[in-house]
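Below: one structure, written as structure tokens.
What's counted below: heavy atoms across the whole structure, side chains too, no hydrogens, waters or symmetry copies.
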Amino acid sequence: MSEYLQFAGLMVLFVLILLGSYWFVLYSPGAPSSRQEERQEAREREADD
């Protein structure tokens, strides 16, 4: 029975690590936000005109 509990615990940790890395890639502090991207696109359009 304890082997099953250990396996379940490891699976929970594995899923948490995967979700954490996915969250970090999507919402990392260095990634530009959608507002920043919109402002950059607007600046590029103004520069082209």
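Within the 4.5 Å cutoff, the side chain of Tyr22 has no heavy atoms near those of the Leu18 side chain.
Hydrophobic clustering (side-chain heavy atoms under 4.5 Å, transitive across Ile, Leu, Val, Met, Phe, Trp, Tyr) groups Leu26 together with Trp23.
Between Ile17 atom CD1 and Leu10 atom CG the span is 9.5 Å, to the nearest 0.5 Å. Annotation: the span from Glu46 atom CD to Glu41 atom CD amounts to 12.5 Å, rounded to 0.5 Å.
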